[in-house]
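Here the structure comes first, spelled out in structure tokens, and everything after it is commentary.
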Amino acid sequence: MRHGGDLAEARAIHGGERHDWLDLSTGINPHAWPVPAQLEHRFWTDLPSSADLADLLAAARHAYAVPSHLGLVAAPGTQAILPLLPRLAPEGPVAIVSPTYSSHADAWRRAGREILEIPSAFDAPPDTKVLVLVNPNNPDGRLLAPSALLHLASEMQARGGLIVVDEAFADVVPGLSVLPHLTCEPVLVLRSFGKFFGLAGLRLGFLAGRPDLADKAAIMLESWAVSGPALALGQTALRDTAWQDAMRRQLADEMADLTLALSMAGLTVFGGTALYALAGLRKAEALHTALARRHIWTRRFEHSPTWLRFGLPGSPAALVRLSGALAEAVTEI
């Protein structure tokens with residue numbers, strides 16, 4: 001599954017300037033948290049301080065309901081954490097609930113691990129000691145309740161294993177995170193800052209879990225992993241609970257509108273979250289190309305040629321543009 005948000009391929013084939021395109025290829029919130037016009041100058045000029053890092057971690061611990069007995073590490077995006085995970089996990093094959101975000105499998109393969117693609121978290125072979133899942137899953141939005149995860153964690157603990165849970169989109173599903181329920185289970189949880197807060201360019205993410213594993217990850221990341229501006233903006237945004245609550249309501253409303261628009265165009269919406277909708281149709285590749293000719297970029301999937309994923313348009317005008325383009329494209333194909 002390719003990353004979204006890079007229009008180079010689209011523009012190379014279909015032309016247009018960056019501002020001509022409606023980029024629906026990502027699951028990033030189109031309504032970014034309002035970055036202050038001014039940032040204290042020292043965050044740009046000084047090396048990131050341990051005090052500022054501590055403040056960020058305290059804000060993240062509260063925002064993500066991370067219990068005090070768990071370790072918590074900040075990184076320049078969760079993508080930077082993925083290559084570290086094989087060094088924290090037991091040896092042996094890795095079971096990944098699939099299809100999902102492909103960078104997980106890529107990171108384990110680069111570490112020389114065998115990948116077992118499984119349809120659900122309960123289908124891992126009994127001798128597997130590493131289980132990876134995304135919750136809610138990307139791209140179909142499948143959910144696994146905390147109670148089910150804790151049951152799996154208990155089984156994995158008995159065999160000396162580890163579960164990695166990527167909660168990149170959990171901000172839009174209150175109550176889904178397993179973090180508040182963890183005690184000493186062998187579970188590592190990834191939290192992404194940029195998607196929900198709409199600030200993916202800031203590059204900020206977190207790893208939470210058993211303290212011994214979190215400490216090892218922090219050592220591997222070494223000093224000054226997170227930039228000064230990310231420390232400052234991250235802690236402020238994570239403490240802005242009023243914005244977060246209002247944004248969850250807004251995203252839910254906008255996703256309802258997008259789902260209706262896709263359905264009226266004849267697409268079947270069968271998965272997703274409040275940040276993206278997964279739709280199916282027989283000629284998905286043709287529709288993707290037809291929309292691209294109209295400078296609308298969607299996410300297609302080589303493993304599932306009948307799937308298309310749509311991010312939120314971000315405004316009533318953009319939704320109208322999408323609806324009109326869908327009507328033309330569906331007729332065309």
From CD1 (I13) to OG1 (T289), nearest 0.5 Å: 8.0 Å
Flag for R142-N135: side-chain donor and acceptor within less than 3.5 Å: no
D253 side chain vs Q250 backbone, donor-acceptor pair below 3.5 Å: no
Contact summary for G161 and P186, nearest pair of heavy atoms: O-CB, 3.2 Å
Side-chain H-bond candidate by donor/acceptor type, S154 with E185, under 3.5 Å: no
Sidechain-backbone polar pair: R113 side chain, G92 backbone, donor-acceptor under 3.5 Å: yes
Check against salt bridge (Lys or Arg N to Asp or Glu O under 4.0 Å), R294 and D20: CA-CA 9 Å; R294 292 161 174 81; D20 296 325; over 6 Å; no
L85 CG to L162 CG distance, which is reported to the nearest 0.5 Å: 8.0 Å
Exercise: identify the closest heavy-atom pair between D257 and L319: CB-CD2, 3.8 Å
Heavy-atom pair of closest approach, residues P305 and A284: O-CB, 3.2 Å
Ring-ring centroid check F196 F169, cutoff 6.0 Å: no
Worked check of side chain to side chain contact (heavy atoms under 4.5 Å, CB included) between L231 and D55: CA-CA 8 Å; L231 293 175; D55 287 343; over 6 Å; no
Main-chain N/O of A230 paired with S227 side-chain donor or acceptor, under 3.5 Å: yes
Within-4.5 Å side-chain heavy-atom neighbours: Y64 and S177: no
Ring geometry between H288 and W297 (parallel below 30°, tilted from 30 to 60°, perpendicular above 60°): tilted
Smallest separation among heavy atoms of A274 and L312, with atom names: O-CD1, 3.3 Å
NZ/NE/NH1/NH2 to OD/OE distance under 4.0 Å, K129 and E114: no
Approximate separation, where rounding is to 0.5 Å, of I219 CD1 and L84 CG: 11.5 Å
Donor-acceptor under 3.5 Å (N138 side chain, A168 main chain): no
ILVMFWY network linking V134 to V165, side-chain heavy atoms under 4.5 angstrom: no
ILVMFWY network linking I296 to V269, side-chain heavy atoms under 4.5 angstrom: yes
Contact check, side chains of I81 and L190, non-hydrogen atoms, under 4.5 Å: yes
Lys/Arg cation over aromatic F206: R191, 6.0 Å, 45° cone: no
Taking only distance into account, with no hydrogens and no angle test, what donor-acceptor pairs under 3.5 Å do side-chain atoms of residues 209-216 form with protein atoms, sequence neighbours excluded?
unit_1	atom_1	unit_2	atom_2	d
R210	NE	D212	OD1	2.9
R210	NH2	D212	OD2	3.1

Transitive ILVMFWY side-chain link L278 to L143, under 4.5 Å: no
Flag, side chain of R293 to backbone of H14, donor-acceptor distance under 3.5 Å: no
K195 side chain near T26 side chain, heavy-atom distance below 4.5 Å: no
Whether over 12 other heavy atoms sit under 6.0 Å from E117 CD: no
Under 4.5 Å side-chain linkage, directly or through intermediates, the cluster mates of L260: M264
For F310, ring pair (Phe, Tyr, Trp, His ring centres under 6.0 Å) partners two or more places apart: none
Smallest separation among heavy atoms of A74 and L56, with atom names: CB-CD2, 4.0 Å
Check: A75 main-chain N/O paired with R203 side-chain donor or acceptor under 3.5 Å: no
Side chain N29, main chain A32, donor-acceptor under 3.5 Å: no
Value rounded to 0.5 Å, distance of CD1 in I163 from CG in L131: 5.0 Å
Greater than 12 external heavy atoms within 6.0 Å of H41's NE2: no
Test item: L251 and L275 side chains (from C-beta on) under 4.5 Å apart, heavy atoms: yes
CH2 (W224) with more than 12 external heavy atoms under 6.0 Å: no
Donor-acceptor pair, side chain of Q244 and main chain of F197, under 3.5 angstrom: no
Same apolar cluster (I L V M F W Y, side chains within < 4.5 Å links), L188/L179: no
Expected output: side-chain T128 to main-chain V130 donor-acceptor under 3.5 Å: no
Sidechain N-carboxylate O distance under 4.0 Å for E254, R249: no
Euclidean distance, T100 OG1 relative to D140 CG, rounded to 0.5 Å: 7.5 Å
Intermediate values then yes/no, side-chain hydrogen bond (donor to acceptor under 3.5 Å, both in side chains), D106 and S103: CA-CA 5 Å; D106 292 342; S103 288; 4.6 Å; no
E332 side chain to E328 backbone, donor-acceptor under 3.5 Å: no
Minimal non-hydrogen separation, V97 against P119, with atom names: CG1-O, 3.9 Å
Common cluster, L116/M156, ILVMFWY with side-chain heavy-atom separation under 4.5 Å: no
Side-chain heavy atoms of L199 within contact of V35, under 4.5 Å: yes
H104 and Y101 aromatic ring geometry - parallel, tilted or perpendicular at 30°/60° bounds: perpendicular
